[in-house]
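See structure below.
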Amino acid sequence: MSNELPVSNFIRHIIDTDLASGKRSAVQTRFPPEPNGYLHIGHAKAITVNFGLAQDYQGLCNLRMDDTNPEKEEDEYVQAIQDDVRWLGFDWSGETRFASDYFQQLYDYAEELIQTGKAFVCDLTPDEMRAYRGNFEVPGRESPYRARSVDENLDLFRRMKAGEFADGSKTLRLKIDMQSPNLNMRDPVIYRIKRAEHHRTGNDWCIYPMYDYTHCISDAIEGITHSLCTLEFEDHRPLYDWVLDNISIGNHPQQIEFSRLETLYVVTSKRKLKQLVDEQLVGGWDDPRMPTISGMRRRGYSPEGVRLFAQRAGVSKTPNVVDFSSLEGAVRETLEEASPRVMAVLDPIKVTLTNFDPATTGSRSAPFHPHHEEFGERLVPIARELYIERDDFAEVPPPKWQRLTPGGEVRLRYSYVIKCDDVVKDADGKVVELKCSIDPDTLGQNPVGRKVKGVIHWVSAEHAVEAEVRLYDRLFTEARPDAVRGDDGQYVDFKQFINADSLKVVTGYVEACVSDAAPETRYQFERLGYFVTDRYDHKAGGKPVFNRTVTLRDSWAKENG
RNA sequence: AGGGGAGUCGCCAAGUUGGUUAAGGCAUCGGAUUUUGAUUCCGACAUGCGAAGGUUCGAAUCCUUCUUCCCCUGCCA
């Protein structure tokens with residue numbers, strides 16, 4: 001859990017005011033996803049806000065599946081959503097709720113609305129209804145079926161439920177105001193006939209309630225006090241309130257809207273994410289490049305880091321577009337404290353230590369964390385042949401270079417200072433081996449009379465284990481891949497901006513102590529970044545499989561482009 | 001006959017019953033420490049609050065006008 005203090009925001013003001021005035025005596029929130037896709041980074045913020053607020057005010061937060069459209073919703077998603085919320089570190093109040101649990105109550109309230117003359121059965125086709133609705137400039141006209149008697153409406157609605165009418169042939173509508181400038185108030189449909197198998201209620205129902213009607217009542221049934229949602233529902237609030245004001249229900253939660261979170265270089269529309277999965281442009285919903293919660297998990301992001309990011313983004317009504325670097329920064333920050341260090345070489349050059357002597361050349365023990373003794377330590381064995389990173393050697397070094405050069409010296413992390421005496425190349429001129437010599441007086445101490453500034457990581461060729469290492473980069477090359485317009489003014493297909501280099505798989509050499517790591521074990525590979533053993537493909541004792549979560553900050557790379 | 005929202009540093013975001021020098025985070029730039037060019041630590045970073053007027057001893061906060069951006073015409077959520 002992050003230790004940052006809650007930041008003041010307008011929702012907290014509302015809650016404070018409600019608590020102070022006695023309007024509310026406790027806080028009850030809810031996170032209400034539709035189980036039609038996987039949760040993404042935007043949902044992570046909504047989850048953090050809803051559960052976080054409940055925690056801060058010693059209240060409760062429910063998890064409710066908004067499952068009123070049987071054509072889109074599946075159990076697979078219900079399961080995944082629950083896993084994601086738990087992984088993020090939150091626990092909901094009681095069982096998972098389902099809007100479908102309230103179908104009977106919803107139906108009963110609908111009959112009540114018919115009885116009080118506030119709802120009617122309408123026979124208009126979708127096209128006719130659209131025409132009657134009018135538009136921004138033109139007021140709507142009342143449906144010719146609006147004047148049906150209570151008895152007729154009741155009879156018709158019951159027969160809708162009984163399955164006497166074809167799909168789409170009739171709807172139940174509220175009688176509000178066809179003149180309203182708010183289109184949501186122009187006699188909105190609250191029930192439609194749809195013969196589709198529901199993931200929970202099967203074929204019990206052939207009529208299904210609409211979101212606007214269902215959501216407010218579900219909130220009220222659950223005793224929600226503050227119903228938080230995104231900005232696009234502001235226009236729906238009058239309808240939310242109208243429904244609760246016109247049925248015999250005791251509780252009236254307050255809907256409060258805040259802006260959704262967006263990050264650059266990703267897409268977060270469920271439809272587009274599904275496209276990436278269906279067209280196999282990524283490995284699945286949990287591909288580590290996906291901005292889904294399960295993707296971030298597999299990438300190695302920590303739940304603490306994701307939460308920290310969400311908290312830092314804040315809660316407001318202004319567009320919440322946050323730099324991707326903010327997410328990475330929050331993740332790094334949590335990983336820095338929590339990850340054991342180990343050395344790995346991902347792009348090796350062989351180094352031969354010409355004066356290596358098994359009798360006198362020693363190995364040191366190194367701590368797993370520079371600031372946390374309790375992480376323990378391990379022996380870092382040295383041998384005649386080593387691997388170092390290709391990037392750490394330059395025949396012609398740029399200015400301020402602190403790494404190995406011909407004739408130059410560098411410190412092997414947790415080992416000796418070495419000097420490069422000879423560069424061996426193949427027929428193409430590619431460096432294939434460096435012959436170096438150890439300064440025997442530099443194990444655990446600085447050389448006398450000179451300073452060696454550079455420190456590089458390395459592994460012993462004979463001791464290290466081979467590992468599959470997946471290097472991830474951003475999925476898109478455009479900051480807003482779904483907002484680029486072509487010459488014709490139309491949006492360009494976002495899939496054109498997929499980064500061809502977003503995944504690179506290499507064979508690396510890692511200290512042997514990682515061999516027995518369980519899946520989802522995080523390490524920092526010194527000087528390279530944070531890596532995690534893959535949730536599925538890594539098996540303890542087998543050839544390790546690592547995903548690069550995020551690189552370390554690198555002011556050198558920054559300076560040198 | 002349109003309606004609903006929002007504009008405070010590169011990105012977020014406090015601040016709103018008007019009152020001293022406009023919080024904080026991310027990013028950035030300096031510098032110190034460092035056997036990770038990491039971490040950590042210090043320091044810098046809005047005479048300015050979408051614009052213009054006005055009220056006032058005093059305005060990001062009040063008034064007027066203007067302006068930019070976002071959302072809404074599913075029997076989706």
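Below, read A as the first sequence line, B as the second, and so on, with proteins coming before strands; counting in each chain starts at 1. Not measured: the values here are computed from a predicted model.
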Contact class for [X] (heavy atom, under 4.0 Å): base, sugar-phosphate, or nothing?
X	value
A/Arg341	base
A/Lys453	base
A/Asn9	sugar-phosphate
A/Val417	nothing
A/Thr171	base
A/Tyr191	nothing
A/Val452	nothing
A/Leu124	base
A/Ser180	base
A/Gln402	base
A/Glu257	nothing
A/Arg413	base
A/Gln179	base
A/His236	base

Please give the nucleotide sitting opposite [N] as a Watson-Crick or G-U wobble pair, both distances under 3.5 Å, or none.
N	value
B/rA23	none
B/rA46	none
B/rC75	none

What's the closest nucleotide to the [X] side chain, out of [options]?
X	options	answer
A/Asp235	B/rA1, B/rU28, B/rC72	B/rC72
A/Arg192	B/rA38, B/rC75, B/rC12	B/rC75
A/Arg237	B/rG5, B/rG74, B/rG3	B/rG5
A/Lys558	B/rC75, B/rG10, B/rC29	B/rC29
A/Lys317	B/rG2, B/rC12, B/rG5	B/rG5
A/Thr318	B/rA38, B/rC26, B/rG7	B/rG7
A/Arg133	B/rA14, B/rC75, B/rG7	B/rC75
A/Glu526	B/rU39, B/rU36, B/rC12	B/rU36
A/Asp66	B/rC76, B/rA77, B/rG15	B/rA77
A/Val455	B/rU35, B/rA13, B/rC75	B/rU35

[N] and [M]: how far apart are their [atom1] atoms, nearest whole angstrom?
N	M	atom1	value
B/rA52	B/rU61	P	12 Å
B/rA27	B/rU40	P	10 Å
B/rG54	B/rA60	P	15 Å
B/rC41	B/rU34	C1'	11 Å
B/rU67	B/rG74	P	30 Å
B/rA59	B/rC49	C1'	11 Å
B/rG18	B/rC62	C1'	7 Å
B/rA23	B/rA14	P	15 Å

When you measure from the centre of the six-membered ring of [Y], is the NZ or CZ of [X] under 6.0 Å away and within 45° of the axis?
X	Y	result
A/Lys161	A/Tyr107	yes
A/Arg148	A/Phe120	no
A/Lys170	A/Phe165	yes
A/Arg474	A/Tyr265	yes

Is it the case that the base of [N] and the side chain of [X] share a donor-acceptor contact (distance under 3.5 Å, atom types as modelled)?
X	N	result
A/Arg364	B/rU35	yes
A/His371	B/rU39	yes
A/Arg553	B/rG37	no
A/Arg411	B/rU35	yes

With nearest nucleotide decided by heavy atoms, which residue, A/His13 or A/Gln524, maps closer to the 5′ end of RNA chain B? A/His13

Closest-nucleotide ordering on RNA chain B, the 5'-leading residue of A/Glu73 and A/Lys45: A/Lys45

Rounded interatomic separation in angstrom, taking [atom1] from [X] and [atom2] from [N]:
X	N	atom1	atom2	result
A/Arg30	B/rA77	CZ	P	15 Å
A/Ile190	B/rC76	CD1	P	14 Å
A/His457	B/rG37	NE2	C1'	13 Å

Checking side-chain polar atoms at under 3.5 Å, does [X] have a donor or acceptor matched by the opposite partner on [Y]?
X	Y	value
A/Glu76	A/Tyr38	yes
A/Asp219	A/Tyr240	yes
A/Gln524	A/Ser339	no

Any side-chain heavy-atom pair from A/Tyr191 and A/Val121 closer than 4.5 angstrom? no

Within less than 4.0 Å of OP1 or OP2 of [N], is there a side-chain N or O belonging to [X]?
X	N	answer
A/Ser555	B/rA38	yes
A/Ser316	B/rA6	no
A/Lys270	B/rA77	no
A/Arg186	B/rG3	no
A/Arg527	B/rG37	yes
A/Asn36	B/rA77	no

Taking A/Arg403 as the fixed residue, which of A/Asp392, A/Ile388, A/Val455 is the one that meets the side-chain contact (heavy atoms from CB on, under 4.5 Å) rule? A/Asp392

For B/rG53, decide between syn and anti, treating a glycosidic angle within 90° of 0 as syn. anti

Within 90° of 0 counts as syn, otherwise anti: where does B/rG48 fall? syn

Using a 5.5 Å cut-off between ring centres and planes within 30 degrees, is A/Phe136 stacked on the base of B/rG2? yes

CZ of A/Arg146: more than 12 outside heavy atoms within 6.0 angstrom? yes

